[in-house]
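Presented below is the structure to which this report refers.
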Amino acid sequence: MLDIMLPFYGREDHFREAVQSVLDQDDPRWRLVIIDDANPDPTPGEWARLITDPRVHYLRHAENLGINRTFQESLELSEAEWVVIFGCDDVMKTDYVGRVHHLASQHPDAGIIHPGVEIIDADGKPVRTLVDAAKAYYRPGGEKPLVLSGEDLAVSITRGNWMNFPALAWHGPTARSIGFRPDYQVVQDLALALDVCRKGYPLIIDDQIVFQYRRHAGSVSSWRAVDGSRFEEERAFFRAEADAFTLQGWKTAARAARTHLSSRINAATRVPSALRAGDLAGSRTLLHHAFSRRDATKKVATD
């Protein structure tokens with residue numbers, strides 16, 4: 001069984017499309033739990049309550065808890081062997097559930113499954129942004145499905161986080177035993193993936209496209225990127241991970257974390273948007289993250 005946990009706060013049309021994509025799955029082995037994080041417009045929730053499929057469950061928060069607490073609640077409310085924390089503006093193709101079950105059966109020791117993903121814009125049209133071109137560059141090549149584990153996995157996703165979090169299927173017992181780190185609002189997915197990696201569980205990468213990830217300016221990661229707050233969080237995160245990798249003896253992963261090159265490049269590309277918005281403070285934060293050499297040149301203690 002696959003638990004599809006759907007935290008919701010956003011556009012009604014995208015939300016309905018996301019829910020309908022679950023209802024349209026070819027493989028019936030799923031349960032959908034919608035967690036309405038006190039969305040200001042009650043209409044989407046009223047629509048969801050009318051769904052008669054017994055596999056669909058809806059609950060609404062009395063007040064907005066925010067993304068991290070809602071993600072953690074999603075894990076805590078999940079019960080199945082595999083769990084997806086689905087984006088309320090993303091779309092599952094009809095064979096998503098079936099493909100995840102197939103990959104899980106072929107790789108019973110897996111901790112994370114990353115199926116094939118295509119990127120769409122706010123209107124549902126295929127798109128390829130600079131961010132996604134960078135993700136494609138860092139994404140491991142070779143014949144798929146591909147198994148990554150240990151320091152190889154840590155280096156891969158630390159050097160450039162090529163994962164699309166809402167598409168990931170997590171091994172439920174493992175993810176629930178670890179949980180999301182409470183201090184993060186943007187990199188919590190990468191943090192959980194690294195924690196699963198440290199437990200010794202591999203990540204399975206697949207190329208069969210069964211998921212549509214929506215890239216648009218209204219997402220949390222997009223607006224936090226423009227004002228620079230995303231990169232303040234990333235900077236602190238990578239610094240802490242570099243220290244942790246060093247203690248593990250993962251020298252290559254520690255260097256990748258200290259350099260965090262893809263994160264720096266991403267920050268540099270956001271500077272024009274911040275300047276156009278008149279956000280000088282955000283621009284300074286972005287420039288500092290992109291070009292400061294303090295972390296990048298700091299020697300790993302065990303080198």
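Note: hydrogens, waters and symmetry copies are ignored here, and every other heavy atom, side chains too, is used.
Between the side chain of D121 and the backbone N or O of G124 there is at least one donor-acceptor pair closer than 3.5 Å. Distance alone, capped at 3.5 Å, is enough to place a donor-acceptor pair between the Q25 side chain and the V97 backbone. Not one N or O on the side chain of T70 forms a donor-acceptor pair closer than 3.5 Å with the backbone of I67. A donor-acceptor pair under 3.5 Å is absent between the side-chain atoms of T158 and the main chain of V155, judged by distance alone. With R215 contributing its side chain and A122 its backbone, the two residues share no donor-acceptor pair below 3.5 Å. One N or O on the side chain of D37 and one on the backbone of L65 form a donor-acceptor pair closer than 3.5 Å.
Looking at Q20 and D24, their side chains do bring a donor and an acceptor atom within 3.5 Å of each other. Of the N and O atoms on the side chains of Y184 and N68, not one donor lies less than 3.5 Å from an acceptor on the other residue.
L103 and V147 fall within the same hydrophobic cluster, defined by Ile, Leu, Val, Met, Phe, Trp and Tyr side-chain heavy atoms under 4.5 Å apart, directly or through other members. Both I178 and L203 are assigned to one and the same hydrophobic cluster, defined by single-linkage of ILVMFWY side chains at heavy-atom distances under 4.5 Å. Note on L23: it clusters hydrophobically with V100, by side-chain heavy-atom contacts below 4.5 Å among ILVMFWY residues.
With respect to the salt-bridge test (charged N to carboxylate O, under 4.0 angstrom), the residues K251 and E151 do not qualify. Salt-bridge formation is detected for the pair R214/E17: a Lys NZ or Arg NE/NH1/NH2 atom is positioned less than 4.0 Å from an Asp or Glu carboxylate oxygen. Under 4.0 Å is where a charged nitrogen must lie from a carboxylate oxygen, and between E12 and R16 at least one such pair does. Salt bridge status for R181 with D195: present, with a side-chain N to carboxylate O gap under 4.0 Å. Taking a cutoff of 4.0 Å between a charged side-chain nitrogen and a carboxylate oxygen, D243 and R258 qualify as a salt bridge. Using a 4.0 Å cut-off between a side-chain N of Lys or Arg and a carboxylate O of Asp or Glu, R11 and D89 do not qualify as a salt bridge. Using a cut-off of 4.0 Å between Lys/Arg side-chain N and Asp/Glu carboxylate O, K93 and D95 are scored as not salt-bridged.
Of all heavy-atom pairs spanning Y138 and S156, the tightest one is O-OG, 4.4 Å. Contact detail for G141 and L146: the closest heavy-atom pair is O-CD2, 3.6 Å.
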### Test salt bridge (charged side-chain N to carboxylate O under 4.0 Å, His left out) applied to D123 and K125, step by step
CA-CA 6 Å; D123 299 320; K125 298 176 182 177; 5.2 Å; no
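Ring planes of F71 and F180: tilted class, angle from 30 to 60°.
Separation of the H114 and W162 ring centroids falls under the 6.0 Å cut-off. Separation of the F211 and F86 ring centroids falls under the 6.0 Å cut-off.
Remark: of the listed residues D26, D206, D207, D27, D206 is the sole one forming a salt bridge (Lys or Arg N to Asp or Glu O under 4.0 Å) with R99.
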